[in-house]
Amino acid sequence: MEQETTDINVQPADKSKILKIWKVAGILAVITAIEFVIAFTVDAGTFKTITFIIMTLVKAGYIVGEFMHLGHETKGLIYTILLPCVFVLWLILALLIQGAAIFHALGF
């Protein structure tokens with residue numbers, strides 16, 4: 001017993017949405033290309049590490065803003081989601097620093 005569907009309406013693609021997706025992909029591709037150039041041309045050091053951290057955070061923020069639609073929400077919702085993440089990252093960093101200090105003080 002198959003059901004036959006005869007009233008299927010195919011909607012034409014929304015060109016503005018497709019252009020927006022290509023724009024986002026292009027921006028992410030440019031940032032990734034810059035990362036690759038830095039990875040293969042700059043010697044290892046603090047500058048390279050900090051640059052990668054900053055570019056990774058920029059890409060992550062852009063992805064969250066566009067693909068998770070957080071960039072189109074109210075500021076209150078954005079802060080409700082981002083501030084706990086910032087505090088958890090701060091806690092992890094503080095515990096790592098404190099743990100390293102204790103580890104170093106004990107002579108390991």
Side-chain angles (χ1 to χ4, degrees):
M1 301 248 177
E2 290 184 34
Q3 292 182 352
E4 194 172 316
T5 306
T6 58
D7 58 344
I8 297 175
N9 294 327
V10 178
Q11 304 260 333
D14 187 4
K15 300 286 186 192
S16 65
K17 289 181 182 178
I18 293 172
L19 288 176
K20 178 70 173 174
I21 291 171
W22 279 109
K23 178 183 171 191
V24 169
I27 290 171
L28 292 173
V30 166
I31 294 173
T32 303
I34 293 170
E35 285 179 339
F36 271 101
V37 167
I38 291 172
F40 293 116
T41 59
V42 177
D43 293 331
T46 306
F47 172 73
K48 186 175 184 178
T49 303
I50 290 173
T51 303
F52 274 118
I53 290 171
I54 290 171
M55 294 182 90
T56 301
L57 290 174
V58 167
K59 278 179 26 178
Y62 193 67
I63 289 169
V64 168
E66 289 299 322
F67 291 122
M68 296 177 69
H69 307 288
L70 193 59
H72 309 290
E73 296 293 340
T74 62
K75 294 290 183 192
L77 180 63
I78 293 171
Y79 293 142
T80 302
I81 293 171
L82 291 181
L83 284 180
C85 293
V86 169
F87 288 132
V88 168
L89 290 174
W90 172 79
L91 174 67
I92 291 170
L93 183 64
L95 291 174
L96 285 172
I97 292 170
Q98 186 66 28
I102 292 172
F103 193 72
H104 182 67
L106 294 177
F108 290 107

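- The shortest non-hydrogen separation linking Met55 to Ile31 is CE-O, 3.7 Å.
- Within a 6.0 Å sphere centred on NZ of Lys48, other residues, nucleotides and ligands contribute more than 12 heavy atoms.
- One hydrophobic cluster holds both Val58 and Phe47 under the rule that ILVMFWY side chains link at heavy-atom gaps under 4.5 Å.
- Here CD1 of Ile27 is found 11.5 Å from CD1 of Ile63. Values are rounded to the nearest 0.5 Å.
- Rounded to the nearest 0.5 angstrom, Phe52 CZ and Leu57 CG are separated by 13.0 Å.
- Cluster annotation: Leu28 is connected to Val30 through the hydrophobic network of ILVMFWY side chains, with a link wherever side-chain heavy atoms come within less than 4.5 Å.
- A distance of 12.5 Å separates CD1 of Ile97 from CD1 of Ile102, quoted to the nearest 0.5 Å.
- Ile53 and Leu96 fall into different hydrophobic clusters, where Ile, Leu, Val, Met, Phe, Trp and Tyr are joined by side-chain heavy atoms under 4.5 Å apart, directly or via other members.
- The side chain to side chain contact (heavy atoms under 4.5 Å, CB included) test applied to Ile50 returns Thr46, Ile54, not counting sequence neighbours.
- Linking ILVMFWY residues whenever their side-chain heavy atoms come closer than 4.5 Å, directly or via other members, leaves Ile92 and Trp90 in distinct clusters.
- Taken together through direct or relayed side-chain contacts under 4.5 Å among Ile, Leu, Val, Met, Phe, Trp and Tyr, Leu82 and Leu77 form part of one hydrophobic cluster.
- Atom CD1 of residue Ile78 and atom CG of residue Leu83 lie 11.0 Å apart, to the nearest 0.5 angstrom.
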>> Using side-chain contact (heavy atoms from CB on, under 4.5 Å), reason through Glu73 and Ile81 one step at a time and then give a plain yes or no.
In response: CA-CA 11 Å; Glu73 296 293 340; Ile81 293 171; over 6 Å; no
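- Put simply, NZ on Lys59 and CD1 on Ile34 are 10.5 Å apart, with the number rounded to the nearest 0.5 Å.
- Note that OG1 of Thr74 and OH of Tyr79 are 10.5 Å apart. Values are rounded to the nearest 0.5 Å.
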